[in-house]
Novice: 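I am attaching a structure below and will ask some questions about it afterwards.
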Amino acid sequence: MTKLTCWIMLFMTTILWAVDEGGAVIATPKVTRGDIASILTERQIAYSERGDKSLEFNVTGTNGNYIVSIVVDPDNSFLYLNIANLMVVSPTDKKADSIMPALMDLNYRSGIIKYEWNRKAGEVRASFVFYTKSRFSKTAFITALSELVESVDAAYPSLMSLGTSAG
Amino acid sequence: MRYGWGILLYGVLLWGTVQYSHAESQEPTNTAGDNAATTAPSGEKKTGIALVQSHFERLREVGFNYTHPRPEEFDFTIGNDQRTFPAAVTVNEESNTVYMTAVIGKLVADSNKLGTISAELMAENYAANWTKVEWDKTTGNVRVSCVFIADDDLPFDEFSFIMDQMLTSAIIAQDILNKNR
């Protein structure tokens, strides 16, 4: 009876320690595409998957319609939120000389959102990057997502006028 | 019955130990060693300004200087052996944002290379993951910036990582300015 009791105690201790070790993993998670998909689902945002790392969804703003893309890279500890293809500016286009300074000034005034230019494709996009190595806040993610859409929607009319009136 | 009380005591102790360990493991971000400085010993979260100040104090211990001219502003310098840049961190506790900026030079609006330089800086914005290069056309200041949304925490490792990234970007952006002068 004594031996049996000891074995039961040892067994229970081992099982409970093992369960608890499993719980500790939660404290230092990697943010996965599944995590982001869950947040979007919670907020009733219909998204689609693109490739291995991205999620996309459509947003209708006051001034235009946008495709929001979220690239999730757990291995490099970042989330890249962006709205691509806002406009296309070829490096050889004469309008580039007046559009680029305007975009640089927009960057100064656009708070947390960055406007960037892919010289090769000519594409202008807006973005925000999260560093997720040591933490991830759902609230901060939602804030950044909202800021991205609001910033682009506010800037969209002037971006469009740059494309047509510049040069 | 001889072992009844012993087993009961064992059960209670085991349950208590597991509950305590489990509660510790649920602390959201303060389990990693690098993050320990972001939380007061009492476990109470620091506000944005106090948090940033604790990071600067930690850096001061290794010879990094900063000034604190206003409660929400911290001024310092980033650089290497060749060049330095005046930098600042501004904390907005209402929006839970922490802005880090470094001024890298001037670009006047009537420069005949305005388009060329801006294009190169916009391409650098595409290449850089963590930082943004921006231009204030009113003052002509070109600066590198980065923003944190610090609603729950701002770990020291993230703060120092971004400082390093700021320096890298500042050097690249200043090279673009200089080569087009």
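Computed from heavy atoms alone, side chains included, the values below leave out hydrogens, waters and symmetry copies. Labels below follow one simple rule: chain letters A, B, ... track the order of the sequence lines, proteins then strands, and each chain is numbered from 1.
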Novice: So for A:A144, is it side chain, backbone, both, or neither that comes closer than 4.5 Å to the heavy atoms of chain B?
Specialist: both
Novice: Could you tell me whether B:E158 and A:K133 have a side-chain N and a carboxylate O separated by less than 4.0 Å?
Specialist: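 No, this pair does not count.
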Novice: Over 60° means perpendicular and under 30° means parallel, so classify the ring planes of B:F161 and A:Y131, tilted if in between.
Specialist: parallel
Novice: Is chain B contacted by the side chain of A:R109, its backbone, both, or neither, given a heavy-atom distance below 4.5 Å?
Specialist: neither
Novice: Under 4.5 Å from any heavy atom of chain A, what part of B:E120 do you find: side chain, backbone, both or neither?
Specialist: both
Novice: For the interface with chain B, which of A:I112, A:L103, A:T139 has the highest count of heavy-atom pairs at distances below 4.5 Å?
Specialist: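 Ranked by heavy-atom pairs under 4.5 Å with chain B, first place is A:I112.
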Novice: Please identify each residue that fulfils side chain to side chain contact (heavy atoms under 4.5 Å, CB included) with B:D164, with sequence neighbours left out.
Specialist: none
Novice: I'd like to know if B:R83 pairs up with B:D175 as an ion pair, taking the criterion as any Lys NZ or Arg NE/NH1/NH2 lying under 4.0 Å from an Asp or Glu carboxylate oxygen.
Specialist: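 So B:R83 pairs with B:D175 through a salt bridge.
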Novice: Looking at A:K138 and A:D35, is there a salt bridge between them, counting it only when a charged N and a carboxylate O are closer than 4.0 Å?
Specialist: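 Answer for the salt bridge query: no.
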Novice: Most heavy-atom pairs under 4.5 angstrom with chain A, which of B:I117, B:V142, B:V133, B:T97?
Specialist: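 Ranked by heavy-atom pairs under 4.5 Å with chain A, first place is B:V133.
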Novice: Below 30° counts as parallel, above 60° as perpendicular, anything between as tilted: where do the rings of A:F141 and A:F136 land?
Specialist: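 A:F141 vs A:F136 ring planes: tilted.
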Novice: What residue, out of A:Y80, A:Y108, A:F78, has the most heavy-atom pairs lying under 4.5 Å from chain B?
Specialist: A:Y108
Novice: Could you look at A:F128 and say if it's the side chain, the backbone, both or neither that has a heavy atom under 4.5 Å from chain B?
Specialist: side chain
Novice: Sort B:T131 into side chain, backbone, both or neither according to what part of it lies under 4.5 angstrom from a heavy atom of chain A.
Specialist: backbone
Novice: Assess B:R58 against B:F156: is NZ or CZ under 6.0 Å from the centre of the six-membered ring, and within 45 degrees of the ring's axis?
Specialist: yes
Novice: Looking only at the aromatic ring of each residue, does the gap between the centers of B:Y99 and B:F148 stay below 6.0 angstrom?
Specialist: no
Novice: Identify which of B:M122, B:K137, B:R143, B:E124 forms the greatest number of heavy-atom pairs closer than 4.5 Å to chain A.
Specialist: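 Greatest number of close heavy-atom pairs with chain A: B:M122.
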Novice: Given heavy-atom pairs under 4.5 angstrom as the criterion, report whether the side chain, backbone, both or neither of A:S77 touches chain B.
Specialist: backbone
Novice: What option among A:K120, A:K114, A:M100 has the most heavy-atom pairs under 4.5 Å with chain B?
Specialist: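 Answer, by heavy-atom pair count under 4.5 Å with chain B: A:K114.
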